[in-house]
Amino acid sequence: MGRVHVLQHPLIQHKLTYIRAKDTGTKEFRQLVQEVAMLMAYEITRDLPLVETSVETPVARAKAWVIEGKTLALVPVLRAGLGMVDGILAMIPNAKVGHVGLYRNPETLEPVEYYCKLPPHIEERDVIVVDPMLATGGSACAALTAVKDRGATAVKLMCLVAAPQGISRVQEQHPDVDMYVAAIDEGLNEHGYIVPGLGDAGDRLFGTR
Ligand code: PRP
Ligand code: URA
């Protein structure tokens with residue numbers, strides 16, 4: 001079963017408080033989501049394997065280390081996942097970026113895929129699927145299926161706020177996927193929104209409500 005890592009770094013928790021606050025406007029919300037995504041990227045990449053190399057310093061040759069293998073692929077779930085991409089790229093500037101487009105049918109709450117474009121050689125890359133919200137887990141599971149169907153084998157999921165229902169669904173349907181979240185909230189309301197959550201992440205990022 002996939003492990004759930006709750007990233008407790010004080011900077012992440014502090015910024016999340018202002019992301020949640022209903023009076024935080026679009027500009028600040030967007031900025032804070034990018035900052036938290038950057039800090040989460042630092043934590044999620046802790047276990048990337050290194051390979052030994054060497055480098056000529058101005059003084060002598062030094063033993064040194066670089067990250068092994070092909071560059072990582074970020075896969076934001078459209079559209080709210082886009083709000084985390086630049087923050088992660090600030091930490092991992094060489095990362096390739098794929099996109100999975102999904103929306104939730106407002107009646108059934110089930111995800112509908114409308115777009116998928118991934119970097120080449122996805123099967124050789126560490127893949128991080130990114131979405132601020134893990135509510136019922138339907139979107140995350142569909143995004144994980146979309147990347148795995150196209151060959152990805154080493155996949156992690158990064159979300160800001162998760163509901164227990166979403167975590168359980170990912171663990172059932174994608175037991176190989178570890179989750180990295182900033183908070184696990186109480187549950188879902190009758191509209192499928194995370195409680196207390198932060199509201200509609202896409203709307204708050206893009207000012208569409
Ligand atoms: C939101 C969010 C997730 C999904 C989570 O997207 O960004 O993708 O809901 O809910 P779930 O876990 O119940 O599937 P939404 O469908 O509102 O689309 P948007 O990003 O375009 O606003
Ligand atoms: N999508 C959101 O943007 N917010 C939620 O609370 C649940 C799904």
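Counting starts at 1 for both ligands and their atoms, following the listed order.
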Using protein heavy atoms only, decide if any is under 4.0 Å from atom 6 (O) of ligand 1.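 For atom 6 (O) of ligand 1 the answer is no, since every protein heavy atom stays at 4.0 Å or beyond.
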Answer yes if a protein heavy atom lies under 4.0 Å from atom 2 (C) of ligand 1, otherwise answer no. yes
Please check: side-chain N/O of [X] versus main-chain N/O of [Y], any donor-acceptor pairing under 3.5 Å?
{"X": "His191", "Y": "Tyr193", "value": "no"}
{"X": "Asp126", "Y": "Leu72", "value": "no"}
{"X": "Arg169", "Y": "Ala140", "value": "no"}
{"X": "Glu52", "Y": "Ala64", "value": "no"}
{"X": "Arg79", "Y": "Leu205", "value": "no"}

Among protein heavy atoms, which lies nearest [atom], and at what distance?
{"atom": "atom 9 (O) of ligand 1", "result": "Arg104 NE, 3.9 Å"}
{"atom": "atom 6 (O) of ligand 2", "result": "Ile194 N, 2.8 Å"}
{"atom": "atom 5 (C) of ligand 2", "result": "Tyr193 CD2, 3.4 Å"}
{"atom": "atom 17 (O) of ligand 1", "result": "Asp200 OD2, 4.2 Å"}
{"atom": "atom 8 (C) of ligand 2", "result": "Arg104 NH2, 3.5 Å"}
{"atom": "atom 18 (O) of ligand 1", "result": "Leu102 O, 4.3 Å"}
{"atom": "atom 21 (O) of ligand 1", "result": "Arg79 NE, 3.0 Å"}

Taking 4.0 angstrom as the limit, do Arg3 and Asp178 come out as a salt bridge?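 Counted as a salt bridge, because a side-chain N and a carboxylate O are separated by less than 4.0 Å.
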Minimum non-hydrogen distance to atom 3 (O) of ligand 2, winning option of Ala80, Gly192, Ala201, Gly202: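 That would be Ala201.
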Nearest neighbour of atom 12 (O) of ligand 1 from the list Gly137, Ser139, Gly166, on a heavy-atom basis: Gly137
With side chain to side chain contact (heavy atoms under 4.5 Å, CB included) as the test, would you mind laying out the steps for Val112 and Leu102 before giving the verdict? CA-CA 5 Å; Val112 182; Leu102 297 173; over 6 Å; no
Return the orientation label for the Tyr115 and His99 ring planes: parallel under 30°, perpendicular over 60°, tilted otherwise.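 Tilted: the ring planes of Tyr115 and His99 meet at 30° to 60°.
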Output the list of atoms in ligand 2 that are nearer than 4.0 Å to some heavy atom of Ala135, sorted by atom number.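 Those qualifying, in numeric order: 7 (C), 8 (C).
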Any N/O pair [X]/ligand 1 closer than 3.5 Å:
{"X": "Thr136", "value": "yes"}
{"X": "Pro132", "value": "no"}
{"X": "Ala80", "value": "yes"}

Which atoms from ligand 1 have a heavy atom of Met133 less than 4.0 Å away?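 Ligand 1 atoms under the 4.0 Å threshold to Met133: 2 (C), 3 (C), 5 (C).
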Distance filter under 4.0 Å to Asp131 heavy atoms, resulting ligand 1 atoms: 2 (C), 3 (C), 7 (O), 8 (O)
In Å, rounded to the nearest 0.5 Å, how long is the span from CG of Leu7 to CZ of Arg46? 9.0 Å
Determine whether Met40 and Ile194 fall in the same hydrophobic cluster, where Ile, Leu, Val, Met, Phe, Trp and Tyr are linked whenever their side-chain heavy atoms lie under 4.5 Å apart. yes
Treating Ile, Leu, Val, Met, Phe, Trp and Tyr as nodes and any side-chain heavy-atom pair under 4.5 angstrom as an edge, say whether Ile128 and Tyr42 lie in one connected cluster.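 Same cluster: Ile128 reaches Tyr42 through Ile, Leu, Val, Met, Phe, Trp or Tyr contacts under 4.5 Å.
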Does an N or O from Gly199, backbone or side chain, lie closer than 3.5 Å to an N or O of ligand 2?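 Yes, at least one N or O pair falls under 3.5 Å.
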